[in-house]
There are 2 protein chains.
Amino acid sequence: MSQLTIVDLAKRLGLSKSTVSRAFRDNVDINPATKARILAMAEEIGFSPNVYASSLKANKSLTIAIIIPEFGNKFFSQAIKGIEAVARSKGYHTLIYVTDHQVQNEASIVRSLANGRVDGVIISASGEGKDHSHLQLLAERGIPVMFFDRAYDDWKGGYITGNDFDSAYLATKHLINNACKRIAYLAINPNVSIGKVRKDGYEKALQEAEMPIRPELILDTVNDAEQNMKDIAGLIEQEKPDAIFASVERLAISSIRVAKRHAIRIPEDLKIICFSCLDIADLIDPALSVVKQPAYEMGELVTKYLLDKMEDPTNDKFANSVYLNSQLIFQKSSLR
Amino acid sequence: MSQLTIVDLAKRLGLSKSTVSRAFRDNVDINPATKARILAMAEEIGFSPNVYASSLKANKSLTIAIIIPEFGNKFFSQAIKGIEAVARSKGYHTLIYVTDHQVQNEASIVRSLANGRVDGVIISASGEGKDHSHLQLLAERGIPVMFFDRAYDDWKGGYITGNDFDSAYLATKHLINNACKRIAYLAINPNVSIGKVRKDGYEKALQEAEMPIRPELILDTVNDAEQNMKDIAGLIEQEKPDAIFASVERLAISSIRVAKRHAIRIPEDLKIICFSCLDIADLIDPALSVVKQPAYEMGELVTKYLLDKMEDPTNDKFANSVYLNSQLIFQKSSLR
DNA sequence: TTGAAAGCGCTAACAC
DNA sequence: GTGTTAGCGCTTTCAA
């Protein structure tokens with residue numbers, strides 16, 4: 001309750017507050033014995049220096065922020081776990097924000113951070129909208145930003161993601177090799193990087209196999225499971241695809257539910273594969289084929305890069321994109 | 001880059017910094033026109049007040065912390081989503097920490113918070129250990145704490161959790177009603193509230209049915225999936241249970257894997273039910289019976305309570321436990 | 001309604 | 001090695 005300060009400590013010990021302050025910093029000249037005395041007393045009365053006073057002084061917060069669009073799947077929880085682990089190991093604290101795919105939420109969150117609250121920001125982009133001026137705010141403040149998994153088309157800074165183009169290409173090719181002729185693609189927002197890149201991989205595989213890219217087999221989805229179920233049911237009924245490649249896990253789950261409901265057999269009538277970090281994909285009926293991204297590693301790496309960038313903001317090295325290899329796991333849902 | 005301050009703004013506008021400061025607070029006398037001018041200029045040059053200076057002054061951080069043992073399942077991600085949503089709607093920021101079930105991590109995290117960094121803390125307890133003195137630190141600082149899901153036996157403060165005793169009792173009774181005679185219980189750490197309460201519910205159901213409580217059917221597990229798989233395999237082989245009640249999801253998943261590996265049929269040879277917030281429990285083979293806690297609501301409620309407690313720390317109302325009803329979903333894995 | 005000034009708790013020259 | 005002192009940027013009396 002009582003707000004202890006270094007002055008209180010100093011008085012009790014008959015020292016000045018600067019000496020007490022020094023005891024809590026490294027690399028400063030202080031008599032080891034004095035330091036020990038101070039730390040012992042601090043321990044005894046339960047004192048530790050007020051972080052906001054320190055932050056104000058140092059103009060550093062030792063805090064980073066994560067902004068993600070959703071929390072619905074293992075990908076993000078694993079990534080956050082990686083982020084938090086690295087951050088904490090380096091003495092940083094991690095603020096978390098969920099935008100629910102609303103860019104305006106992302107913008108308002110970013111605005112609330114651009115006043116010294118954080119030293120760096122990690123974002124997985126929340127959606128469309130041409131206006132990413134909120135990112136400009138961080139740039140003006142010199143607050144480094146790294147994106148992971150999802151970035152905006154026009155983002156020129158650092159970005160860690162999976163090798164989604166290749167993975168999507170290989171996943172589609174796998175379906176083709178398993179005799180699929182009408183492969184539907186369930187897309188998310190194409191304004192977000194992964195929406196576009198994954199679709200490009202899908203299209204390349206079709207082209208390479210000299211199969212037509214049929215726009216009617218490409219379904220643009222929304223952030224509403226019920227609506228998506230309807231749309232997927234409509235797609236299946238009208239277009240009779242023999243395979244579905246879902247760009248994100250929740251669309252594959254919806255597809256499986258639709259299939260069950262309509263007595264469509266997987267994989268006999270319809271094969272399914274999707275991007276997913278689900279650790280129990282093998283226990284689903286039927287075992288779900290997945291493109292599994294290294295979520296935890298991605299979280300670790302994006303944080304390492306961010307912290308490095310914070311140390312050396314001008315280094316161009318951190319403005320590049322890094323692609324981590326995903327793992328393709330073919331199981332019953334996509335096999336002939 | 002350039003660190004703008006209220007003084008810069010004041011100079012540009014020919015005002016004093018106190019007037020500028022007032023423009024950013026509500027409930028103070030300031031000419032509306034002046035305020036508008038100030039805010040317009042702030043917008044133009046992209047200024048917002050340094051939060052650490054404000055926090056230092058106000059001795060409030062507008063920040064809370066969540067400390068959880070793991071991030072492995074939907075329960076925690078949903079709960080965090082609820083916490084963050086409520087916190088943000090009230091203007092609070094949310095720090096997140098994962099202890100990996102290590103009480104010493106919990107302790108060191110708490111220590112790093114007890115210096116003004118946060119105004120309140122939400123914890124789901126990380127494990128055993130008799131020494132919870134780190135919580136004392138927060139109490140001394142007058143930082144309110146609320147637990148959710150998992151609390152320590154000796155915790156006397158606020159606690160929001162599921163009606164686990166009743167749910168465990170009903171889940172066990174359900175197995176009994178489905179002709180199970182040898183119901184194994186997979187326990188987690190009994191020093192954490194839910195470890196004990198859930199087991200109590202299980203035992204009560206057995207007693208009520210006049211079935212013996214067999215210690216050899218109760219497996220204490222550890223935080224290591226491989227080890228647990230071995231132990232579960234051993235249990236199944238030696239004790240031949242006809243049902244497993246897993247106190248947490250990951251133990252049920254491990255059990256299913258063991259069963260598959262050993263060609264044990266679920267539910268014919270072995271029925272399974274567990275606590276879980278898995279949203280695709282119905283898609284697992286076989287569809288998994290679960291006790292589903294209202295994770296998101298729990299996150300919301302614990303946060304509301306914490307924020308209320310922060311306003312009125314002496315109100316005993318927030319020292320009580322609140323039990324939210326879980327939902328029992330019986331599916332193929334536990335049915336005759 | 002606005003300005004001047006003290007101070008939140010800590011840090012880092014600078015002096016001794 | 002330790003003490004003195006001047007702020008970090010903001011808020012808030014108090015006076016005008």
Side-chain angles (χ1 to χ4, degrees), chain A residues 1-39 41-42 45-63 112-119 141-143, chain B residues 1-39 41-42 45-62 112-119 141-142:
Chain A
M1 208 71 213
S2 59
Q3 177 72 348
L4 291 169
T5 73
I6 46 171
V7 178
D8 298 317
L9 250 191
K11 277 187 189 149
R12 285 174 188 251
L13 292 161
L15 291 165
S16 78
K17 62 175 182 168
S18 41
T19 304
V20 174
S21 173
R22 281 190 264 259
F24 291 96
R25 323 266 93 214
D26 293 335
N27 316 325
V28 282
D29 283 342
I30 182 173
N31 187 324
T34 326
K35 179 165 178 174
R37 260 177 74 211
I38 294 170
L39 294 181
M41 175 63 87
I45 66 175
F47 167 84
S48 60
N50 180 300
V51 287
Y52 286 168
S54 307
S55 290
L56 176 57
K57 200 59 200 160
N59 201 20
K60 278 194 59 177
S61 64
L62 289 179
T63 305
S112 78
L113 297 176
N115 44 23
R117 190 178 291 277
V118 296
D119 299 335
R141 288 292 172 300
I143 300 173
Chain B
M1 208 69 214
S2 59
Q3 177 72 347
L4 290 168
T5 74
I6 45 173
V7 177
D8 297 315
L9 249 190
K11 276 187 190 151
R12 284 174 189 252
L13 291 162
L15 292 165
S16 77
K17 62 174 183 170
S18 28
T19 305
V20 174
S21 172
R22 281 189 264 261
F24 291 96
R25 319 270 95 211
D26 294 336
N27 317 323
V28 281
D29 284 340
I30 182 174
N31 186 326
T34 325
K35 180 167 179 174
R37 262 177 72 213
I38 294 171
L39 294 180
M41 175 64 89
I45 66 174
F47 167 84
S48 62
N50 181 299
V51 287
Y52 286 170
S54 309
S55 290
L56 176 58
K57 209 43 209 172
N59 202 18
K60 277 193 62 178
S61 64
L62 289 180
S112 78
L113 298 176
N115 45 21
R117 191 178 290 276
V118 296
D119 299 334
R141 288 294 172 298

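Residue numbering restarts at 1 for every chain, and letters A, B, ... go by the order of the sequence lines. Because the structure is a prediction, the values reported are computed rather than measured.
- A/Thr34 comes within contact range of the sugar-phosphate backbone alone, with a heavy-atom separation under 4.0 Å but no base atom that close.
- The CG-P distance, from A/Leu56 to C/dA12, rounds to 12 Å in whole Å.
- Rounded to a whole Å, the CG atom of A/Asn50 is 18 Å from the P atom of C/dG7.
- Nucleic acid contact for A/Ile30: sugar-phosphate only, since backbone atoms but no base atoms lie under 4.0 Å from a heavy atom of the residue.
- Separating the CG atom of B/Asn59 from the P atom of C/dG7 is a distance of 17 Å, rounded to the nearest angstrom.
- The distance between atom NZ of B/Lys11 and atom P of C/dG3, rounded to the nearest whole Å, is 15 Å.
- Within 4.0 Å of B/Asp29, counting heavy atoms only, lies at least one base atom of the nucleic acid.
- A distance of 12.0 Å separates CD1 of B/Ile6 from OG of B/Ser48, quoted to the nearest 0.5 Å.
- Base contact: B/Ser21 has a heavy atom under 4.0 Å from a base atom.
- Between B/Leu13 and B/Ile38, some side-chain heavy-atom pair lies under the 4.5 Å cut-off.
- Comparing the axis of the opening five pairs of the helix from C/dT1-D/dA16 to C/dC16-D/dG1 with that of the closing five pairs yields an angle of 30°, rounded to 10°.
- By the 4.5 Å heavy-atom criterion applied to side chains, A/Asn115 and B/Phe47 are not counted as neighbours.
- Distance A/Lys60 NZ to C/dC10 P: 19 Å, rounded to the nearest Å.
- What separates CZ of A/Phe24 from C1' of C/dA12 is a distance of 17 Å, to the nearest Å.
- Counting non-hydrogen atoms under 4.0 angstrom, A/Ser18 reaches a base of the nucleic acid.
- Counting any heavy atom pair closer than 4.0 Å across all strands shown, B/Ile6 reaches a base atom.
- A donor and an acceptor atom never sit less than 3.5 Å apart when one is taken from the side chain of A/Lys17 and the other from the base of C/dG9.
- Looking at heavy-atom distances under 4.0 Å, A/Thr5 makes contact with sugar-phosphate atoms alone, never a base.
- Using modelled atom types, one finds a donor on one side chain and an acceptor on the other under 3.5 Å when comparing A/Thr19 with A/Ser16.
- Ion pairing between a basic and an acidic side chain is recognised when a charged N comes within 4.0 Å of a carboxylate O; B/Lys17 and B/Asp8 show no such pairing.
- Ionic pairing of A/Lys35 and A/Asp26 is present here: one or more N-O contacts between side-chain nitrogen and carboxylate oxygen are shorter than 4.0 angstrom.
- Taking atom OH of residue B/Tyr52 and atom P of nucleotide C/dG7, one finds them 26 Å apart after rounding to whole Å.
- Rounding to the nearest 0.5 Å places CZ of A/Arg37 at 10.5 Å from CG of A/Leu9.
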Distance-only criterion, 3.5 Å: show the donor-acceptor pairs between side-chain atoms of residues 49-56 of chain A and protein atoms not counting sequence neighbours.
unit_1	atom_1	unit_2	atom_2	d
A/Asn50	OD1	A/Tyr52	N	2.7
A/Asn50	OD1	A/Ala53	N	2.9
A/Tyr52	OH	B/Arg117	O	3.0
A/Ser54	OG	A/Asn50	O	3.1
A/Ser55	OG	A/Val51	O	2.9
A/Ser55	OG	A/Lys60	O	3.0

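- The interatomic distance linking B/Leu15 (CG) with C/dT1 (C1') rounds to 11 Å, in whole Å.
- Counting heavy atoms from C-beta outward, A/Thr34 and A/Leu15 have side chains that approach closer than 4.5 Å.
- Bounding nucleotides for the chain A contact on DNA chain D, 5' to 3', at a heavy-atom distance below 4.0 Å, are D/dG1 to D/dG9.
- For C/dT11, the OP1/OP2 oxygens have a side-chain nitrogen or oxygen of A/Arg25 closer than 4.0 Å.
- Between C/dG3 and B/Thr19, a contact under 4.0 Å exists linking OP1 or OP2 to a side-chain N or O.
- Atoms CG and CD1, from A/Leu4 and A/Ile45 in turn, are 5.0 Å apart once rounded to the nearest 0.5 Å.
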